[in-house]
Student: 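Dumping the structure here so I can ask a few things about it.
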Amino acid sequence: MVVLPLLGQLADEYGRKPLLLITVSTSMFPFAVLACNQSRDAVYVYYVLRTISFILSQGSIFCIAIAYAADIIKEENRATAFSWITGFFSASHVVGNLLARFLPEKYIFVVSIALLIFGSVYMYFFLVETVERVDKMERDSTFLTKIINVTRKRYESMRYAAVVVFRSPTLRVISFVSFFYELGMSGISSVLLFYLKAVFGFNKNQYSEILSVVGIGAIFSQILVLPLLSPLVGEGVILCIALLASIAYGLLYGLAWASWVPYLSAAFGAIYVLVKPATYAVISRGSSSVNQGKVQGFIAGVQSIASLLSPLAMSPLTSWFLSTDAPFNCKGFSIIVASVSMMIALCFACLLKPAEKSGHDSEEEIEAPLLGES
C-alpha cells in the first residue's frame with residue numbers, strides 16, 4: 001500500500017529503467033537462498049527475503065512497465081500494447097508451471113535464478129530510458145535537513161497524485177472499479193483452494209489444472225481478442241464485459257453443485273483477465289504523460305488496500321459456512337459475497353465515458369499550486 005505509489009512517483013522523477021532493475025533484481029535473492037540450502041533455517045530466511053521482495057516488486061513491475069509502454073506508444077494503440085504485456089505475463093505463468101512440474105526438483109531454483117538474472121541483464125543493456133531526468137543542484141545542508149526535505153517532497157508528490165486522481169472523473173471512477181474488483185477477486189483467490197478441497201476434495205493437481213485452463217485462455221484473449229475488439233468498442237465496453245465474466249466466474253464457484261462446475265467457472269477466466277489491460281488503458285488515457293507512474297502507482301496502492309482487507313473477511317466467512325454451525329446450507333456463500341463486490345465494480349464501470357480524453361491541462365492547474373506550496 002505504501003511502496004507502490006512511492007515507486008510510481010520515483011519512476012516519473014528518476015526514470016523507468018533504474019526502478020525496473022531494482023524491482024526485478026530483488027526477486028532473485030530469495031530463490032538463491034533455497035538454491036544453496038533447503039534446511040529449515042534457510043526456509044525462514046527465504047520467507048523474510050521473499051516478503052521484502054514482494055513489497056518492492058509485487059505489482060510495481062506492472063505499474064512501471066505500463067508507464068514505460070505509455071511513454072513510447074501512441075494513445076490509441078496502448079490498450080493493445082498493455083494487453084500484450086499482460087498476455088505474455090499469463091504465458092510466462094503457464095510455461096513456469098510446466099517447468100516446475102517437469103524439471104527435477106534440484107534444478108528448479110537454479111533455472112529460476114538464471115531466468116531472473118537474464119531479465120535484469122537484458123534490461124540493463126537493451127532497455128532505453130524514456131524519462132529525461134533533471135538533476136537539481138542542492139545546497140549544502142545537514143543530514144537531518146535532507147531527510148526532512150525528502151520526506152516533504154514525497155508527501156507533496158503523494159498528495160499531488162491523489163488530487164489528480166480524484167479531480168479527474170475518469171480516474172476517480174476507475175479507482176473505485178479497481179478497488180471493488182480487487183476486493184472481490186483477491187477474496188476469491190485467497191480461499192478458493194481451501195473451498196474446493198473442502199467441498200469437492202480437490203487436490204493441488206486439480207487446482208493446477210484449473211489454473212492452466214485460466215492461463216491458456218488468458219493468453220488467447222489478451223494477445224488476440226482484446227487487440228481486435230479495442231478499436232471497435234473501446235476499453236470501457238471491454239472492461240464491462242470482463243467484469244460481467246468475473247461475476248459469472250464467482251457465482252458459478254459459489255453455487256457449484258458438482259465437481260465439473262469449477263472447470264466451467266474457470267473458463268470465464270479467459271474473459272475476466274481482460275479487466276487488467278482494460279483498466280491500465282483507461283488509467284493511461286486519463287492521465288498525462290508526465291504522471292503515468294504516479295497515477296498507475298496510486299491506483300495500484302488502492303488495489304493493495306483491497307487485497308489486504310478482503311482476506312480478513314473472506315477467510316473466517318468461508319470457514320463459518322463450511323462448518324456445521326453455518327446459518328444455512330450454502331458452502332460457497334463467501335464467494336457469492338465476493339461476487340457482489342465485483343457487481344459494484346461493474347456499476348462504477350458503467351459510469352465511464354469512453355470518449356473522455358486525458359486531462360493534461362487540468363493536471364497542470366493542479367500541479368501549479370502544489371509546487372507553489374512546496
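This one's a predicted model, so the numbers in the text were calculated from it and none came from an experiment. Residue numbers count from 1 along this sequence.
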Student: Over 60° means perpendicular and under 30° means parallel, so tell me whether Trp84 and Phe88 are parallel, tilted or perpendicular.
Tutor: tilted
Student: For Ala42 and Val33, work out which heavy atoms get closest and say how close.
Tutor: O-CG1, 3.5 Å
Student: Are Phe328 and Phe333, when compared by the centres of their aromatic rings, separated by less than 6.0 Å?
Tutor: yes
Student: For Thr318 and Ser334, which I'm curious about, is there any donor-acceptor pair between the side chains at under 3.5 Å?
Tutor: yes
Student: Starting from the C-alpha separation in whole Å, work towards a yes-or-no answer on side chain to side chain donor-acceptor pair (under 3.5 Å) for Glu75 and Ser284.
Tutor: CA-CA 8 Å; Glu75 192 172 275; Ser284 178; over 6 Å; no
Student: With rounding to the nearest 0.5 Å, note down the distance linking CE in Met343 to CG in Leu243.
Tutor: 11.5 Å
Student: Can you tell me how far the OH atom of Tyr195 sits from the OH atom of Tyr253, to the nearest 0.5 Å?
Tutor: 9.5 Å
Student: Run the side-chain contact (heavy atoms from CB on, under 4.5 Å) check on Ile271 and Ser221 step by step: do they pass?
Tutor: CA-CA 7 Å; Ile271 305 174; Ser221 61; over 6 Å; no
Student: Could you walk me through whether Cys240 and Leu346 satisfy the side-chain contact (heavy atoms from CB on, under 4.5 Å) test, starting with their C-alpha distance in whole Å, then the side-chain angles of each, then the deciding distance to 0.1 Å, before giving a yes or no?
Tutor: CA-CA 6 Å; Cys240 290; Leu346 176 61; 4.0 Å; yes
Student: Give the C-alpha distance, both sets of side-chain angles, the deciding distance and a yes or no for side-chain contact (heavy atoms from CB on, under 4.5 Å) between Tyr46 and Phe29.
Tutor: CA-CA 8 Å; Tyr46 160 81; Phe29 296 108; over 6 Å; no
Student: Check this for me, if you would: do Arg16 and Glu129 make a salt bridge, where the nitrogen-to-carboxylate-oxygen distance has to be below 4.0 angstrom?
Tutor: no
Student: Between Phe268 and Tyr249 (judged by ring centroids, cut-off 6.0 Å), do the two rings come close enough to count as a pair?
Tutor: no
Student: May I have the step-by-step check of side chain to side chain donor-acceptor pair (under 3.5 Å) for Ser39 and Asn37, ending in yes or no?
Tutor: CA-CA 6 Å; Ser39 65; Asn37 190 343; 3.2 Å; yes
Student: Which of parallel (below 30°), tilted (30 to 60°) and perpendicular (above 60°) describes Phe166 and Phe298?
Tutor: perpendicular
Student: Give a yes-or-no answer on whether the side chains of Gln222 and Ser83 include a donor-acceptor pair shorter than 3.5 Å.
Tutor: no
